Number of protein chains: 2
Amino acid sequence: MATPEPARPGFHLPLLLLAGFRTLIDDLHAELAREGHPELRPLHGFVLQAVGADGTTATELGQRLGISKQAAGKTVDRLVAVGYLERTDDPSDARRRLVRVTARGADGLRRSAEIFDRLRAQWADTLGPERVTAMEDDLRTMASANWFRLDMPGWFGG
Amino acid sequence: MATPEPARPGFHLPLLLLAGFRTLIDDLHAELAREGHPELRPLHGFVLQAVGADGTTATELGQRLGISKQAAGKTVDRLVAVGYLERTDDPSDARRRLVRVTARGADGLRRSAEIFDRLRAQWADTLGPERVTAMEDDLRTMASANWFRLDMPGWFGG
DNA sequence: ACTATTTCGTCAACCACGTTGACTATCCTA
DNA sequence: TAGGATAGTCAACGTGGTTGACGAAATAGT
């Protein structure tokens with residue numbers, strides 16, 4: 001083992017990672033609300049991104065997010081209710097219900113990406129660009145398996 | 001702004017932070033389950049830590065965690081049910097119900113700290129100790145306000 | 001000492017997000 | 001054409017949060 005010295009108690013690495021995530025997510029949604037998307041909840045951005053430009057089905061979405069098809073279906077319901085997703089029938093398969101991002105959803109997604117870029121730039125201003133890049137590289141190294149495992153009910157804030 | 005170059009799409013900093021957090025939390029609980037604490041859920045460690053060695057009340061716990069006293073009370077209920085917390089009457093104030101960590105809770109807490117230290121050492125082995133320290137320092141800088149804002153219902157996994 | 005306010009805990013109803021199991025309708029294949 | 005796989009939905013439930021209302025106990029003010 002390289003460093004036998006433990007982290008200072010109360011300042012564990014996982015809590016720091018969570019706090020960093022929260023900071024970005026909170027800032028993002030404060031800004032999103034200002035820009036006309038107050039209904040967009042933290043989970044929604046990830047879901048919209050997982051739906052993608054080509055659309056999907058609830059079952060496939062569930063697989064992408066690592067959750068059950070039922071959970072994915074309910075999430076789609078909520079996003080449809082607030083106008084970010086829409087469902088259409090698949091003419092080639094009457095069982096399937098295609099899920100697509102609406103124009104409003106695409107707007108929210110685009111703004112989210114822009115805001116994240118600005119927040120990242122703020123971090124680079126404070127820490128230095130190379131430190132941010134190093135953090136991203138290191139996290140990519142350590143966390144490669146957990147890209148879209150979002151199966152943490154409710155966690156994005158209430 | 002220091003770096004106008006955006007992060008690569010799909011690999012946003014927040015997702016990396018979340019994935020890093022998840023990785024640690026998942027590894028922690030896999031190991032905790034092996035060591036005799038399969039009922040300990042991800043949120044519980046933070047709650048036990050917030051209760052502390054001196055004990056608290058549900059209301060005060062809610063303030064520490066940034067959640068309502070009702071939510072704190074329900075969380076205490078669950079931890080009591082699995083034997084990690086206990087309630088006693090406050091002889092000096094009949095309204096208050098003191099919440100304390102049980103011996104089993106203390107054991108889980110101690111093991112969590114040990115496992116986190118080992119996981120941190122693994123990160124240091126892979127990334128180099130100075131990179132881990134740099135990450136912690138940078139996160140402390142950027143996320144100082146979010147230490148115990150755990151108000152993300154369910155988020156620790158299901 | 002008596003009233004008024006505050007505080008603590010709890011109950012009830014609700015929401016977001018997840019789970020498993022069961023079921024129908026449709027599609028595909030032997 | 002019968003049988004199995006797949007898509008979606010419904011129901012019941014669990015966890016973690018919210019607000020509002022309420023009684024009991026402590027405290028402050030007159």
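Predicted model only: the values in this text are computed from it and were never measured. To find a chain, count down the sequence lines: A is the first, B the second, and so on, and within it residues start at 1.
- The CG atom of L43(B) sits 10 Å away from the C1' atom of dG17(D) (whole-angstrom rounding).
- For H29(A), there are no ring-ring contact (aromatic ring centres under 6.0 Å, His included) partners two or more places apart in sequence or in a different chain.
- Side-chain contact between V51(A) and R64(A): absent, with no pair of heavy atoms (C-beta onward) separated by less than 4.5 Å.
- For the side-chain contact (heavy atoms from CB on, under 4.5 Å) test with H12(B), the passing option among E136(A), Q49(A), R120(A) is Q49(A); the others fail.
- Non-hydrogen atoms lying under 4.0 Å from DNA chain C are contributed by nothing in residues 79-86 of chain B.
- One finds a side-chain N or O of T75(A) lying less than 4.0 angstrom from the OP1 or OP2 phosphate oxygen of dG18(C).
- Here dT9(D) presents its P atom at 14 Å from CZ of R78(A), a figure rounded to the nearest Å.
- Residues satisfying the side chain to side chain contact (heavy atoms under 4.5 Å, CB included) criterion with R78(B), sequence neighbours excluded, are K74(B), T75(B).
- Rounded to an integer number of Å, the gap from K74(A) NZ to dC17(C) P is 11 Å.
- In this structure, the CD1 atom of I67(A) is 15 Å from the P atom of dA7(D), given to the nearest Å.
- Here the NE2-CG distance, from H44(B) to L32(B), works out to 12.0 Å after rounding to the nearest 0.5 Å.
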Please write out each protein N/O paired with an N/O of nucleotides 6-10 of chain C under 3.5 Å, distance rounded to 0.1 Å.
from	atom 1	to	atom 2	distance (Å)
dT7(C)	O2	R95(B)	NH1	2.8
dG9(C)	OP1	R97(B)	N	2.8
dG9(C)	OP1	R97(B)	O	3.3
dG9(C)	OP2	T59(B)	N	3.2
dG9(C)	OP2	T59(B)	OG1	2.9
dG9(C)	N7	K69(B)	NZ	2.9
dG9(C)	O6	K69(B)	NZ	2.7

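- Side-chain atoms of T102(B) never come within 3.5 Å of backbone atoms of E86(B) as a donor-acceptor pair (strictly under, hydrogens ignored).
- Applying the side-chain hydrogen bond (donor to acceptor under 3.5 Å, both in side chains) rule to D90(B) yields the partners S92(B), R96(B); only residues at least two apart in sequence or on another chain are considered.
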(message) One pair to check against salt bridge (charged side-chain N to carboxylate O under 4.0 Å, His left out): R110(A) and D107(A). What are the steps and the verdict?
(response) CA-CA 5 Å; R110(A) 189 174 42 73; D107(A) 183 69; 2.5 Å; yes
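- If you measure from atom CG of D90(B) to atom C1' of dA25(D), you get 12 Å, rounded to the nearest angstrom.
- By the 4.5 Å heavy-atom criterion applied to side chains, D93(A) and R95(A) are counted as neighbours.
- Atom pair R41(A):CZ and dG17(D):P shows a separation of 13 Å (rounding to whole Å applied).
- Considering only the side chain of A71(B), dT18(D) comes nearest among dT19(C), dT18(D), dA25(D).
- The side chain of S68(B) places no N or O atom within less than 4.0 Å of a non-bridging phosphate oxygen (OP1 or OP2) of dG17(D).
- Under the 4.0 Å criterion applied to side-chain N and carboxylate O atoms, K69(A) and E60(A) are not assigned as salt-bridge partners.
- Taking five base pairs at each end of the helix from dA1(C)-dT30(D) to dA30(C)-dT1(D), the local helix axes there meet at an angle of 0°, rounded to 10°.
- Within a 6.0 Å sphere centred on CZ of R104(B), other residues, nucleotides and ligands contribute more than 12 heavy atoms.
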